[in-house]
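Report on the structure given below.
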Amino acid sequence: MSGLFTKDIVVLDVTSRLISAIVGVKKAQSVFGIKSVVEKSHPGYEDGVFYDLAQTVRTVEEVLSEAMRNTNSHSRRLFIGVPAEFVTVVSKNVSLKFDRRRRIVDDDIDYLFAKGNDFADSAFALINTSAVYYAMDGDDKLYSDIRGFYADGIEACVSYMLAERTFIDTLDAIAKDLGFKDIRYVATNWAECVTLLESNQRESAFVLVDIGYLSSSVSLAQGEGVLDMKSFSVGGGHIAGDICEALEIPFDLAEEAKRSVDINLKYDNDAMLVSQYDEDGNLYEVKSCEAAQIAKGRLDLIAALLKGIIDGFGSAVPSYMPVYLTGEGIASMRGAIKYLSEKVGKELEIVMPKLPGFVKPEDSSKTSLMLIADTLAKRSFGDKIKSIFNGGKR
């Protein structure tokens, strides 16, 4: 049997700290068996540019090869998550008029999406298309899905996710060298928006903030689509970096201080947070009040960036709109969410995946990609069968 038709789902998650290869299989409704997860750190990226592309390429090769060996998987289909810094979002209203009143079918939706696809920029490639909402016959009523309804015409607010071709070309070359034949790309922020929240939570517009290690994103989303998205090269890792630089201590001790400090507590000036001896017997100490003050400085910057982006969305983000937060950067940092909420002026609510064994905000990207890959794999199989019966043409 061709590797394209195995049950294994192979996903590559690229974040600003880790490259992760995941091999899983769908066992039952909403039940996944994770066969292997291989994660390795890499230098990361800033403003859509990898710090050390050669090292990142080697890391991608290593994690994918190891994950496939661990599971003895023969799958030749690979889903690759594209980080927000390499993605741009275009949302537009697209309409389609029928020659008569009739039942709406899948091909109508496909044609509607294709009609709005007028992107010819050689620097970007369209990777995901989805609807924010639908309408019929010019009515004001909005729908999350209109298949099976009867109408004279349809329209939709369609979300087009485009990825930088340089990212795709780089990852394509690696995946093909490793034997993958069918390589699909998924905007990671889109995957998070449509899998971390229940369908009823997505009926109205919401904001999802992913604060990562060195990079963060803010998505304005609704239904199955993303209306707008912004990213910036600041994350939780910069807090540890600030502590390391300001106090002139080893980075691993700065990371421990970041994990240990509670932003909302008022510490005594002499309260010790963490300490460490180096190989030469030198003692490094971090006071609680120092770590808290330094962390607040970086959180103030993150809050200002978040507020600027959310305010920039304008009237699309009313005061009552929910703002959700995920990612590995600060979600587990004590007091950080409350502090950010106060600075941004909006209550931030943590969301996380519900896949057994992967229920932390730091797992959001990899599990979201796995879930969306399962859905896309089913569509891919259906399209393949349809193309066979249509003489191989679509």
Side-chain angles (χ1 to χ4, degrees), residues 3-4 9-23 36-69 73 75-90 117 119-129 160-192 210 212-217 226 229-233 235 237 327-328 365-366 368-370 372-373 376-377 380:
L4 294 179
I9 300 171
V10 185
V11 167
L12 183 75
D13 181 27
V14 180
T15 73
S16 56
R17 184 176 72 91
L18 293 172
I19 305 290
S20 307
I22 308 99
V23 181
S36 179
V37 178
V38 179
E39 296 183 326
K40 294 187 179 182
S41 61
H42 73 122
Y45 48 80
E46 181 178 4
D47 296 329
V49 178
F50 287 104
Y51 285 123
D52 186 339
L53 180 58
Q55 180 58 51
T56 296
V57 167
R58 286 193 293 271
T59 305
V60 170
E61 293 171 341
E62 290 170 2
V63 298
L64 276 174
S65 297
E66 186 175 337
M68 299 302 281
R69 283 197 307 269
S73 176
S75 177
R76 292 294 174 259
R77 175 178 291 143
L78 174 65
F79 292 89
I80 300 176
V82 185
E85 288 202 20
F86 300 88
V87 170
T88 189
V89 178
V90 178
N117 178 12
F119 307 105
D121 190 337
S122 60
F124 290 88
L126 180 64
I127 56 172
N128 306 129
T129 307
Y160 298 92
M161 313 293 292
L162 300 101
E164 293 184 11
R165 289 190 184 274
T166 52
F167 182 95
I168 291 176
D169 292 344
T170 299
L171 274 294
D172 264 356
I174 304 169
K176 289 176 181 176
D177 284 345
L178 293 175
F180 291 99
K181 305 295 185 183
D182 186 8
I183 306 162
R184 309 293 178 90
Y185 290 86
V186 179
T188 304
N189 67 302
W190 171 65
E192 289 180 340
D210 184 320
Y213 192 70
L214 299 177
S215 178
S216 303
S217 66
V226 176
M229 185 274 295
K230 305 294 180 187
S231 62
F232 54 90
S233 298
E328 69 167 317
S365 59
K366 65 175 71 74
S368 295
L369 290 171
M370 179 65 68
I372 207 71
L376 295 177
S380 301

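Bear in mind that the values here come from a model prediction, so they are computed numbers and not experimental data. Computed from heavy atoms alone, side chains included, the values below leave out hydrogens, waters and symmetry copies.
Scanning all heavy atoms of the two residues, the minimum distance from L12 to L369 falls at O-CD1, 4.1 Å. Here the shortest heavy-atom pairing between S75 and F180 reads O-CE2, 3.7 Å.
At least one side-chain heavy atom of I372 sits less than 4.5 Å from a side-chain heavy atom of W190. Residues H42 and F50 form a side-chain contact, since some pair of their non-hydrogen atoms from C-beta on lies under 4.5 Å apart. Between V89 and M161 the shortest side-chain heavy-atom distance falls below 4.5 Å. Side chains of N189 and V226 form a contact here, defined as non-hydrogen atoms less than 4.5 Å apart. V186 has its side chain out of reach of V82: every pair of non-hydrogen atoms, C-beta onward, lies at least 4.5 Å apart. Residues I168 and I127 meet the side-chain proximity criterion, which asks for heavy atoms closer than 4.5 Å.
Evaluation of the side chain to side chain contact (heavy atoms under 4.5 Å, CB included) rule for A67 yields A21, V23, S36, V38 as partners, not counting sequence neighbours. Residues satisfying the side chain to side chain contact (heavy atoms under 4.5 Å, CB included) criterion with S216, sequence neighbours excluded, are I211, F232.
Taking the ring centroids of F119 and F124, they lie at or beyond the 6.0 Å cut-off. Residues F86 and Y45 bring their aromatic ring centres within 6.0 Å.
No side-chain donor-acceptor contact under 3.5 Å links S368 and E192.
Atom CD1 in I19 sits 12.5 Å away from atom CZ in R58 (nearest 0.5 Å). Between the CG atom of L64 and the CD1 atom of I174 there is a distance of 8.0 Å, given to the nearest 0.5 Å. To the nearest 0.5 Å, atom CD1 of residue I80 and atom CG of residue D172 are 6.5 Å apart.
Sorted by first then second residue, the side-chain hydrogen bond (donor to acceptor under 3.5 Å, both in side chains) pairs that include residues 11-20, not counting sequence neighbours, are D13-S365, R17-E328, S20-E39.
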Discussion item. K181 vs R77, test: side chain to side chain contact (heavy atoms under 4.5 Å, CB included). Steps then yes/no.
Written reply: CA-CA 6 Å; K181 305 295 185 183; R77 175 178 291 143; over 6 Å; no
Item to complete: Show the numbers, then the answer: is there a side chain to side chain contact (heavy atoms under 4.5 Å, CB included) between L171 and V60?
Response: CA-CA 8 Å; L171 274 294; V60 170; 4.0 Å; yes
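Within 6.0 Å of atom NZ in K176, 12 or fewer heavy atoms from other residues, nucleotides or ligands are found, so the atom counts as exposed in its surroundings.
Note on ring orientation: taking the six-membered ring where Trp is involved, the planes of Y185 and F167 are perpendicular (angle over 60°, cut-offs 30° and 60°).
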